[in-house]
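Working notes for the structure below.
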Amino acid sequence: MLTVYNTLGRTRQSFEPLEDGRVRMYVCGPTVQSAPHIGHGRCAVAFDVIRRYLMWRGWDVLFVQNITDVDDKIINRAAELGVTTEALVAEMTEQFLTSYRGLGVLDPDRTPAATRHIPEMIELIARLVSRGLAYPSRGDVYFRVRALEGYGKLSGRDVDELRIGARVEPGIDKEDPLDFALWKGAKPGEPSWPSPWGDGRPGWHIECSAMSAKYLGLPFDIHAGGADLIFPHHENEIAQSEGATDGLFARYWLHNGMVNLGGEKLSKSTGHIVDLAEAIETYGGPVIRLFLLRASYRSPIEYSEDSLHDARASLDRLRSFVRRAPSAGRPDVATIDRFVTSMEDDFNTAEALAAVFETVRQGNARLDRGEDAGPLITAVREVAGVLGIDLESAGLGGLVDALTGLATRYEVEAGSAEDMVRRLVDARAAARESRDWSRADAIRDDLAGAGIVIEDSADGVRWYRR
RNA sequence: GGCGACGUGGCCGAGUGGUUAGGCACAGCUCUGCAAAAGCUGCUACACCGGUUCGAUUCCGGUCGUCGCCUCCA
């Protein structure tokens, strides 16, 4: 039985999709104002794993992740950079998609952008106005928070407590400081669209209400996002969607923990960030992915070089294992069972990985004894696949020049990168045969310098790109 | 101030009312021309103080500390 921690209710609950065999899932995507950081990567990976697991379990998953492409920050940043908002949005969206793919994240089934759903949002706002839950005010439209019973149920907030809170700034056009904008009247030079309340643009929260309903229908099963979105963003989404329909908005709310750096949360606004593309460049997507999956998706994690190095060593261990022998037979049942048990427990990837490593140890021991480990390798590959961890070593791209140099140095025939590695490995074998250790070691060291690692084993020489 | 999460061995990080997490690092051994990989062995913890219990790291209360949200944020 799959159980998930539902922020709505703050308990672990058994998960049953509304429609049998089909899961409808919405993840709050990024505001594309600047380049993605590792925190975005964590969110993407966390829910990608959940999606993959649900699919592997045999469910149809409809996965939607939005792109917020209109917002104060985007407007301001575009102005700063002297580019149009459209150009900034296009550039940043591309960076997000590229980085996500670099982490092995599957593309969503749909990636709706806010600016392409203005009519849906206007319609939703109009419904809220007609129901008395929203009111126009000098070109803006606000949600009347106190008019909705149950506001605060997701975040555990009490409207009266909120009011006391010192930081709720009274908006000059609001009836109540708690009210939030559904529509913002246009200011000169800003992107805007016509509406019944005058030209303007949507508030931040309304897009998710409109687009999730459009692509998933209401209620849908899983609404996910970063824990920092619980309040006010998700609370307000609930207010809008449930206020407009009287029905339930989303059934299970899943939130990923924050990534910290130096003990503090990453944040775009303070510039306290780890650039995602840079991290992928430095460590590789699979290493970062493994780093993220070693902890529960709900816990905060600390980003550090040490942790990334650990993750790299762990990944190497997995890769060395599957390199030792081909998969064969059905996946080992014990491994799969343990994996399933772990994942059914609120997607406990840390424990799932522990199962994988146990299997790796067993498999290595079997191979050391000359026994078959095919099903263990099959199982490790299967589980790694569900977790989205790429166990294949990198190819030889970009190494032709370096290898050609080595081919010349050791007097073997040049050719394709693959061929040259093979010939160099053979040349080293020949040198070992004639007990010319210095030449053998030189070849091995030079290959290592180029990123090709050679390992001697009982059943021959293995090589791979580090 | 309000709401919430958390404090585990050298580091990261799961979990449990009594029994091995796992990874990384370190030491020794086996294997090996050397190395790497691998296996075996060792190092073995639950912030502090009370309480409940036959027994608590695991439940309850308190203390201290860290972090998040309450404003844009994955």
Side-chain angles (χ1 to χ4, degrees), chain A residues 7 10 27-31 33-34 36-47 65 68 71-73 76 96 152 155-158 160-162 164-169 204 224-233 235 255-260 263-270 273 276 290-291 294-296 298-302 304 306-321 323-324 342 345 348-358 360-369 432 435-438 440-441 444-445 448 453-458 462 464:
Chain A
T7 305
R10 309 224 176 235
V27 178
C28 270
T31 300
Q33 48 154 318
S34 53
H37 59 62
I38 188 88
H40 297 104
R42 183 180 199 195
C43 177
V45 167
F47 300 116
Q65 181 172 39
T68 300
D71 159 270
D72 289 345
K73 297 268 185 238
N76 294 340
F96 270 89
S155 56
R157 256 105 178 148
D158 181 283
D160 293 313
E161 299 292 341
L162 276 173
I164 293 164
R167 286 156 121 186
V168 177
E169 303 228 344
W204 176 34
D228 53 351
L229 298 183
I230 294 171
F231 189 90
H233 184 52
E235 197 69 73
H255 292 98
N256 65 276
M258 302 292 97
V259 179
N260 295 331
E264 275 175 37
K265 188 190 140 189
L266 297 177
S267 171
K268 274 195 254 191
S269 54
T270 58
I273 58 166
L276 182 55
L290 187 57
F291 158 71
R294 290 194 312 169
S296 154
R298 292 197 286 123
S299 311
I301 48 174
E302 175 73 20
S304 74
D306 282 355
S307 284
L308 270 294
H309 284 127
D310 281 6
R312 172 182 279 159
S314 300
L315 181 68
D316 284 346
R317 180 167 165 78
L318 296 178
R319 286 180 168 172
S320 314
F321 174 59
R323 257 197 312 268
R324 290 187 68 177
S342 303
D345 181 18
N348 190 335
T349 53
E351 203 165 279
L353 284 169
V356 172
F357 282 107
E358 292 267 8
V360 167
R361 185 176 48 71
Q362 278 174 36
N364 275 321
R366 291 183 68 87
L367 290 169
D368 283 353
R369 294 193 299 265
R432 292 180 72 208
R435 308 185 72 79
D436 183 353
W437 307 126
S438 65
D441 291 349
R444 182 177 64 199
D445 292 347
V453 179
I454 288 184
E455 291 174 1
D456 299 321
S457 77
R462 277 194 300 273
Y464 62 92

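A note on names: the letters A, B, ... follow the listed sequences, proteins ahead of strands, and every chain is numbered from 1. Predicted model, so just to flag it, every value in this text is computed and none were measured.
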Checklist entry - Which part of the nucleic acid, if any, lies within contact of A/L229, taking any heavy atom under 4.0 Å across all strands shown: a base, the sugar-phosphate backbone alone, or nothing? => result sugar-phosphate
Checklist entry - Is it true that A/R432 and A/D456 have a side-chain N and a carboxylate O under 4.0 angstrom from each other? => result yes
Checklist outcome for this item: Taken to the nearest whole Å, CZ/A/R361 to P/B/G22 is 7 Å
Item to check | Spacing of the C1' atoms in B/G7 and B/G62 (rounded, Å) | outcome: 16 Å
Checklist entry - Counting only Watson-Crick or G-U wobble pairs whose two distances fall under 3.5 Å, which nucleotide matches B/G1? => result B/C70
Checklist entry - Looking at the side chain of A/E351, which of B/A37, B/A14, B/C72 is the nearest nucleotide? => result B/A14
Next on the checklist: Counting only side-chain nitrogens and oxygens, does A/N364 get under 4.0 Å of the OP1 or OP2 atom of B/G39?
Outcome noted: yes
Next on the checklist: Could you go through A/R324 and A/D368, starting from their C-alpha distance and side-chain angles, then the distance that decides it, and tell me whether this counts as salt bridge (charged side-chain N to carboxylate O under 4.0 Å, His left out)?
Outcome noted: CA-CA 10 Å; A/R324 290 187 68 177; A/D368 283 353; 2.8 Å; yes
Checklist entry - Just how far, in rounded Å, is C1' of B/G15 from CG of A/N348? => result 8 Å
Next on the checklist: Given B/C70, B/C40, B/A14, identify the nucleotide with an atom nearest to the side chain of A/F231.
Outcome noted: B/C70
Checklist entry - At under 4.0 Å, does any side-chain N or O of A/R317 touch on OP1 or OP2 of B/A38? => result yes
Checklist entry - So, does A/E302 use its side chain to make a donor-acceptor pair with the main chain of A/G263 at under 3.5 Å? => result yes
Checklist outcome for this item: Ranking B/C72, B/G22, B/G4 by distance to the side chain of A/R10, first place goes to B/G4
Checklist entry - 5'-most contact on RNA chain B: A/S438 or A/G225, nearest heavy atom basis? => result A/S438
Item to check | For atom CD of A/E455 and atom P of B/C34, their distance in whole Å | outcome: 16 Å
Next on the checklist: Under 4.0 Å, counting only non-hydrogen atoms across every strand here, what does A/G39 touch: a base, just sugar-phosphate, or nothing?
Outcome noted: base
Next on the checklist: Using whole Å, what does the distance between atom P of nucleotide B/C69 and atom NE2 of A/H233 come to?
Outcome noted: 15 Å
Item to check | B/C26 and B/U63, which share atom name P, separated by this distance in whole Å | outcome: 43 Å
Checklist entry - Quick one: is A/K265 getting a side-chain N or O under 4.0 Å of the B/A74 phosphate, OP1 or OP2? => result no
Checklist entry - Hey, does the side chain of A/R462 come within less than 4.0 Å of B/A36's phosphate (OP1/OP2), counting only N and O? => result no
Checklist entry - NA contact type, A/A313, heavy-atom cut-off 4.0 Å: base, sugar-phosphate, or nothing? => result sugar-phosphate
Checklist entry - A/R435 near the nucleic acid: base, sugar-phosphate alone, or nothing, with a heavy-atom cut-off under 4.0 Å? => result nothing
Item to check | Sugar-phosphate only, base, or nothing, as touched by A/G41 at under 4.0 Å among non-hydrogen atoms | outcome: nothing
Item to check | Rounded C1' spacing from B/G13 to B/C6 in Å | outcome: 13 Å
Next on the checklist: Does A/H37 reach a base, just sugar-phosphate, or nothing at all? Heavy atoms under 4.0 Å.
Outcome noted: base
Checklist entry - When you check the phosphate oxygens OP1 and OP2 of B/A14, does a side-chain N or O of A/S299 lie under 4.0 Å from one of them? => result yes
Checklist entry - Between B/C70, B/A38, B/G39, which nucleotide has the shortest distance from any of its atoms to the side chain of A/P232? => result B/C70
Checklist entry - How would you label the contact of A/I454 with the nucleic acid (heavy atoms, under 4.0 Å): base, sugar-phosphate, or nothing? => result base
Next on the checklist: Taking only the P atom of each, what is the distance from B/U16 to B/C59 in whole angstrom?
Outcome noted: 9 Å
Next on the checklist: For A/R319 and A/D316: C-alpha separation, side-chain torsions, deciding distance, then whether salt bridge (charged side-chain N to carboxylate O under 4.0 Å, His left out) applies.
Outcome noted: CA-CA 5 Å; A/R319 286 180 168 172; A/D316 284 346; 5.2 Å; no
Next on the checklist: Using the C1' atom as the point on both nucleotides, what is the distance between B/A38 and B/U53, in whole Å?
Outcome noted: 46 Å
Checklist outcome for this item: Comparing A/F291 with A/Q362, nearest RNA chain B nucleotide closer to 5' gives the residue A/F291
Next on the checklist: Need one value for A/E358: base, sugar-phosphate or nothing, where a base atom within 4.0 Å counts as base even if backbone is also close, heavy atoms only.
Outcome noted: sugar-phosphate
Item to check | Minimum-distance nucleotide (side-chain atoms of A/D456 versus B/A35, B/C72, B/A21) | outcome: B/A35
Checklist entry - Would you say A/E351 and A/L353 make side-chain contact, with heavy atoms under 4.5 Å? => result no
Checklist entry - Expressed as a whole number of Å, how far does the C1' atom of B/A5 sit from that of B/G17? => result 23 Å
Item to check | Minimum-distance nucleotide (side-chain atoms of A/D441 versus B/C69, B/G2, B/G33) | outcome: B/G33
Next on the checklist: Around atom CZ of A/R435, are there more than 12 heavy atoms from other residues, nucleotides or ligands closer than 6.0 Å?
Outcome noted: no
Item to check | Rounded distance (Å) that lies between atom C1' of B/C26 and atom CG of A/D306 | outcome: 14 Å
Next on the checklist: Regarding A/S304, tell me which of base, sugar-phosphate or nothing describes its non-hydrogen contacts under 4.0 Å with the strands shown.
Outcome noted: nothing
Checklist entry - Considering only heavy atoms and no angle criterion, is a donor-acceptor pair shorter than 3.5 Å present between the side chain of A/R444 and the base of B/C34? => result yes
Next on the checklist: I want to check one thing: is the phosphate of B/G68, taken as OP1 and OP2, less than 4.0 Å away from some side-chain N or O of A/N260?
Outcome noted: no
Item to check | Rounded P spacing from B/A56 to B/G18 in Å | outcome: 11 Å
Next on the checklist: Are the side chains of A/V45 and A/N256 in contact, using a 4.5 Å heavy-atom criterion?
Outcome noted: no
Item to check | Counterpart base for B/C29, defined by Watson-Crick or G-U wobble contacts under 3.5 Å | outcome: B/G39
Checklist entry - Does A/R312 make a side-chain donor-acceptor contact with the base of B/C24, cut-off 3.5 Å? => result no
Checklist entry - Taking C-beta and beyond as the side chain, do A/F96 and A/L276 meet within less than 4.5 Å on heavy atoms? => result no
Checklist entry - Between the base of B/G33 and the side chain of A/R432, is there any donor-acceptor pair under 3.5 Å? => result yes
Item to check | Any strand: nucleotide that pairs with B/U52 via Watson-Crick or wobble, under 3.5 Å | outcome: none
Next on the checklist: Any base atoms under 4.0 Å from A/S457, or only sugar-phosphate, or nothing? Heavy atoms, all strands.
Outcome noted: nothing
Checklist entry - Just checking A/V259: base, sugar-phosphate only, or nothing, at a heavy-atom cut-off of under 4.0 Å? => result base
Item to check | Who pairs with B/A21 - Watson-Crick or G-U, where each distance is under 3.5 Å | outcome: none
Next on the checklist: Please report the distance, rounded to the nearest Å, between NE2 in A/H255 and P in B/C67.
Outcome noted: 22 Å
Checklist entry - Between A/D316 (CG) and B/A36 (P), how many Å, whole number? => result 14 Å
Checklist outcome for this item: Any strand, both distances under 3.5 Å, Watson-Crick or G-U wobble: B/G65 pairs with B/C6
Item to check | Minimum-distance nucleotide (side-chain atoms of A/C28 versus B/G13, B/G39, B/A74) | outcome: B/A74
Item to check | Check: A/D228 and A/K265 side chains under 4.5 Å, non-hydrogen atoms | outcome: yes
Next on the checklist: Under 4.0 Å, heavy atoms only, any strand: does A/L266 hit a base, just the sugar-phosphate, or nothing?
Outcome noted: base
Checklist outcome for this item: Closest to the side chain of A/R157, out of B/G13, B/C69, B/A74, is B/C69
Checklist outcome for this item: Here the distance between atom C1' of B/A37 and atom CZ of A/R366, to the nearest Å, is 19 Å
Item to check | A/I454 vs A/Y464 side-chain heavy atoms within contact, under 4.5 Å | outcome: no
Next on the checklist: Taking only the C1' atom of each, what is the distance from B/A35 to B/G9 in whole angstrom?
Outcome noted: 31 Å
